[in-house]
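In what follows, chains are A, B, ... by sequence order, proteins preceding strands, each numbered from 1. Below, all heavy atoms of this structure are taken into account, side chains as well, without hydrogens, waters or symmetry copies. From a predicted model like this one, the values you see are computed outputs, not experimental measurements.
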Amino acid sequence: MKNRLNWKSIYQNPSFPSFLILIAIIFLNAFLQHNFFTYRAFKSNLLTFTPLILTSIAQGLVILVGCVDLSLGATISLITVLMASLMGDSLLSMVIVVFIGSGLALLMSFINGFIISYFGPPPLLTTYATSVLWFGIALFFMPTPGGYIPSHFSKMYRSDLFPGFPVVLLFLIGAFCFLFFMSKTRFFKHIYAVGGNEEAAYANGVNVFLTKIKVFLLSGIFIALAAICVVAQTATGDARSGLSFSLNSVAASIIGGLSFSGGRGSIIGPIMGGLILGLLINVLYFANITSFYQEFMKGIIIIFSLAVGAIPKFLKARSL
Amino acid sequence: MNNNNSPVLISDKITPKEFLFSKLAISFYAIILLFVLGEVILPGFISFSHVMSVFRLSVFLGIVALGQTLVVLSGNEGIDLSVGSILSIGVVLSAFFLNGQNINIPKALLFTPTVGLAFGLISGLAISYIDIPPIIMTLAMASVVEGTSLIITKGFPTGNAPPLLETIGNGKIFNIPYLILLWILLIIIASFILKKTKWGNLLYGVGSNSLTAELSGVRVKRFRVFVYGICGAIAALAGLFLLSYTGTPYLNLGVTYTMPSIASLAIGGISLAGGNGNYIGAVTGCIILTTLNSILVALRTTEAVRQITLGLLLLILVIAYTGRRKRW
């Protein structure tokens, strides 16, 4: 049964259109960026896309449980500010600061999750409010971009673990493995149950309150990883460095076939969505589109991808 | 009253005691409290001219919030995150159409909302017929609209407001700014349309139960498309009025209006699930947010402190007004 290819289940999979888009966009990139398949280009693309992919996973998990996290970008900003103001040159201080930053990400995700699952306000408004709050705190500590990140911290991030294997890839593979093992657990089924229908999940003995908080904590791990990437890449603390991630990650999740009302779609979706968005921005860069048109094209491309993403729904509706 | 009335109409009859503790009344107390607080911190805050100037600043948010109210009322997770960008392009376009000439005012009054309408209709079409979630569709639309205003201006908006429009934006009659009078007129018209006309009833009907509406013969999808269109037109019109206040156009003047327009609805007791609430609530929400902001500005706080206060207060308001303690 498992070995038989079921074509219908493949093309009706919510992530199927994003897979097609991904392939198309890779071809487009290969066409425009002539050294696309070289190791250099691969690595530099990977360095650019990793934070977006990690935030998309974080957002995807939260969307799966039926919430949304608009404060994710501000969380990243606040962590970059914290890390850039605390980090010293020694290896020990780097490790400690990375841990403090990760702890902060978990704490902020926990606050979001706790408020949403305990008081029950709309996640959209709640996380918007917390994003204003986090942004304010980041701005309070660092009104202008600055701070200090030792150059070997950035170098470590950009270096190769061994020839042909960049350190960033370790981040991604670690994240994928972690996700893979998570997806086998009972808890992961609870995410879908709660996202699909809270009341029904509760009636069936799922602890809705804890599940939501756990999902936010889980997303906090990925936010922390993304923040470490951002700080290593920009080598500064900046209260505005993370802001674009909030909305891009939501777009990536939806492009990846997740349902905004929760409970439907695969976590592979946001990963592909993040890749698609990253490659699209790449295309805009390499196609020599003047900066005046970039914002416009970005919007058009997102709308287009979303429209293509809606195809399986039509196929399903027709086959019924 | 006979039994044929819908529940919406029955719940309109409330006792005075219920009214005193309704969300609307609480919003009024909050406004008064904020002004008293402002007076304590800064003597003169509560003077007539200052109160009027705070109200005048709320007008633009208030107009945008009207469009947002319609979209949210229409239900189905309805929300429009492109209002800020459409407001921005409204400022730029109306300055371009007006070009400082009074005679161009009819032209601007016609074309500016039309452009907003077009953007709104496109969002609405994609939301209704391709089932793209409103939040993400309007967000992408915001990108497109911002991009469009960059493309048409090449980064430098031209034109400015003509004298007549500047009079409307900055003039007063009996110390009451014209803009506030305009807003009051708008509030009356909007409330009338929402409460007394067939269209208003349809909006509540579609928002509270779209299946029932569909079965009663309303073409729900087409209806929603038009609601988004109207929201876009209103946002663009707000841009025209914002130009009347600023005189000269700037890019991205409206971006800061998007989230407050939604927050003001939540504060004003409009259910984000749709079908419940009225425009007066949004109006009080707008005044609360603007008053709060002007207190913070008057205190000469830094941007950071303002954001922290605003964030904390929003969080408390959101929890207090929209929190529904569940069984778990």
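With a 4.5 angstrom heavy-atom cutoff, B/Leu312 touches chain A via backbone and side-chain atoms both. Of the two parts of B/Thr302, neither the backbone nor the side chain holds a non-hydrogen atom closer than 4.5 Å to a non-hydrogen atom of chain A.
The shortest distance between side-chain heavy atoms of A/Phe296 and B/Leu150 does not fall below 4.5 Å. B/Ile79 is listed as a side-chain neighbour of A/Leu124, based on a closest heavy-atom distance under 4.5 Å.
Across every non-hydrogen atom of A/Ile115 and B/Ile319, the tightest pair is CG2-CD1, 3.6 Å. Closest approach of A/Ile303 to B/Met137, counting heavy atoms only: CD1-CE, 3.6 Å. Nearest approach of A/Gly136 to B/Ala304, heavy atoms of both residues: O-CB, 3.5 Å. Residues B/Ser143 and A/Gly299 approach most closely at CB-CA, 3.6 Å, considering heavy atoms.
Atom OH of A/Tyr192 has more than 12 neighbouring heavy atoms from other residues, nucleotides or ligands inside a 6.0 Å radius. Within a 6.0 Å sphere centred on CZ of A/Phe187, heavy atoms belonging to other residues, nucleotides or ligands number more than 12.
Most heavy-atom pairs under 4.5 Å with chain B, from the set A/Leu133, A/Leu70, A/Thr126, A/Val250: that is A/Leu133.
Atom OH of A/Tyr128 and atom CG of B/Leu315 lie 12.0 Å apart (nearest 0.5 Å). Rounded to the nearest 0.5 angstrom, B/Glu303 CD and A/Phe140 CZ are separated by 13.5 Å.
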